[in-house]
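Below is one structure, written out as structure tokens; the observations come after it.
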Amino acid sequence: MITRAAVVPHPPLLVPELVAGAAAETEPVRAATLAAAGKLPGPWVVVAVDPAGPATFMPPLSGTFLGYGVDVPVSLGGDLPPDARVPLPVLITAWLRERCAVEVSRVEVVPPDLPTPDCVSFGRRLAAEDCSLLVLGDGSTRHGPRSPGSDDERSGPFDSAVHAALATADVDGLLGLDTGLARELGVQGRAAWQVLAGVPGPWHCTSADFFAPFGVGYHVAVWERP
């Protein structure tokens, strides 16, 4: 049974070598992410969102952040040569695994448009596994003038609702997220958060944080069973 879960973002800026000029500005997100992931005992089953989904990635598997500017090799386990096709969430999972020194069973990548009922079904199927659950996903890309997308005043309320739902382990709040609005706001974590909401509780949140450096929302939270 899954007894502990962590929600973290998966931007390249987590890797210091990729943001040499902004390492200090991005340190709060990095520190919170590593702290949350570090609370999960292994093995990890990971759920992430990427257009490469649906797909399953398992060790042995290695990759590199070369496509993001610097050749930083990472591994889910094993010593295979880096595969250039490994998607970003899997690279971030491998980076976190190495720093937390845990085993990763697999990374389940779901597509961004996975319908809410399918997310719930997926979460229920995962519930019986003897593992910790790591959930990767980013919030809106439209927070203010520094954002990669154009500023959208709806981003604040949307990510505030996500943060409130994570901070109170409110599965109904996560399942009630507007999928169309999430898509318009560039939210990349909606489907993964709803997979978490599909894992039967009860749940209790032990920590929750929100950051928005460079105009992108990043959620970090840890859930446990009472």
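Under the 4.5 Å side-chain heavy-atom criterion for grouping Ile, Leu, Val, Met, Phe, Trp and Tyr, Val45 is not connected to Leu96 through any hydrophobic cluster. Cluster annotation: Leu126 is not connected to Trp44 through the hydrophobic network of ILVMFWY side chains, with a link wherever side-chain heavy atoms come within less than 4.5 Å. Val110 is connected to Ile2 through a chain of hydrophobic side-chain contacts under 4.5 Å among Ile, Leu, Val, Met, Phe, Trp and Tyr, so both are in one cluster. Follow the hydrophobic side-chain contacts under 4.5 Å out from Phe57 and you never reach Val47; the two are in separate clusters. Under a hydrophobic clustering in which Ile, Leu, Val, Met, Phe, Trp and Tyr are joined whenever their side-chain heavy atoms come within less than 4.5 Å, directly or via other members, Val222 and Trp203 fall into different clusters.
Counting only distance, with no hydrogens or angles, the side chain of Arg225 and the backbone of Gly201 share a donor-acceptor pair below 3.5 Å. Formation of a donor-acceptor pair under 3.5 Å by the Arg183 side chain with backbone atoms of Asp178 is not found in this model. Checking side-chain atoms of Asp151 against main-chain N and O of Gly144 turns up a donor-acceptor pair under 3.5 Å. A side-chain donor-acceptor contact under 3.5 Å links Arg30 to the backbone of Leu13. Checking side-chain atoms of Thr33 against main-chain N and O of Val8 turns up no donor-acceptor pair under 3.5 Å. The closest donor-acceptor contact from the side chain of Thr141 to the backbone of Gly149 lies at 3.5 Å or more, if one exists at all. The closest donor-acceptor contact from the side chain of Trp223 to the backbone of Val7 lies at 3.5 Å or more, if one exists at all. For Asp159 (side chain) and Ser140 (main-chain N/O), a donor-acceptor pair under 3.5 Å exists by modelled atom type.
Between Leu185 and Arg154, the closest side-chain pair of non-hydrogen atoms falls below 4.5 Å. At least one side-chain heavy atom of Pro41 sits under 4.5 Å from a side-chain heavy atom of Arg4. Between Pro9 and Val220, some side-chain heavy-atom pair lies under the 4.5 Å cut-off. In this structure the side chain of Ser62 never reaches within 4.5 angstrom of the side chain of Asp79, judged on heavy atoms. With contacts defined as side-chain heavy-atom distances shorter than 4.5 Å, the pair Ile92/Val74 does not qualify. Counting heavy atoms from C-beta on, the side chains of Leu166 and Cys205 never come closer than 4.5 Å. Taking the side chain as every heavy atom from C-beta outward, Leu34 and Trp95 approach each other to under 4.5 Å. Side-chain contact between Pro112 and Gln188 is absent, with no heavy-atom pair separated by less than 4.5 Å.
Among all heavy-atom pairs drawn from Pro12 and Leu88, the shortest one is CD-CD2, 3.7 Å. Across all their heavy atoms, Thr93 and Val107 have their closest contact at CG2-CG2, 3.8 Å. Across Arg190 and Cys119, no two heavy atoms sit closer than the pair NH1-SG, 3.8 Å. Closest approach of Arg97 and Val102 over heavy atoms only: CG-O, 2.9 Å. Minimum interatomic distance between Asp138 and Val187 (heavy atoms only, all atoms of both residues): O-CG1, 3.6 Å. When all heavy atoms of Ala191 and Pro111 are compared, the closest pair comes out as CB-O, 3.9 Å.
Between His163 and His219, the ring-plane angle classifies as parallel under the 30° and 60° cut-offs.
The pair Arg106-Glu129 counts as a salt bridge, with a side-chain nitrogen and a carboxylate oxygen less than 4.0 angstrom apart.
Separating the CG atom in Leu133 from the SG atom in Cys131 is a distance of 6.5 Å, to the nearest 0.5 Å. Distance OG1/Thr64 to CG/Leu91: 7.5 Å, rounded to 0.5 Å. Between Ser121 atom OG and Gln194 atom CD the span is 12.0 Å, to the nearest 0.5 Å. The CD atom of Glu27 sits 10.0 Å away from the CZ atom of Phe211 when rounded to the nearest 0.5 Å. Atom CZ of Phe158 and atom CG of Leu181 lie 5.5 Å apart (nearest 0.5 Å). For the atom pair Leu136 CG and Asp50 CG, the distance stands at 10.5 Å (nearest 0.5 Å).
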Could you check Glu224 against Lys39 for salt bridge (charged side-chain N to carboxylate O under 4.0 Å, His left out), going step by step and ending with a plain yes or no? CA-CA 10 Å; Glu224 297 178 353; Lys39 293 178 182 178; over 6 Å; no

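Shown here is Arg124, whose CZ atom has no more than 12 heavy atoms of other residues, nucleotides or ligands within 6.0 Å.
Residue Leu175 shares its hydrophobic cluster (ILVMFWY side chains chained together at separations under 4.5 Å) with Val120.
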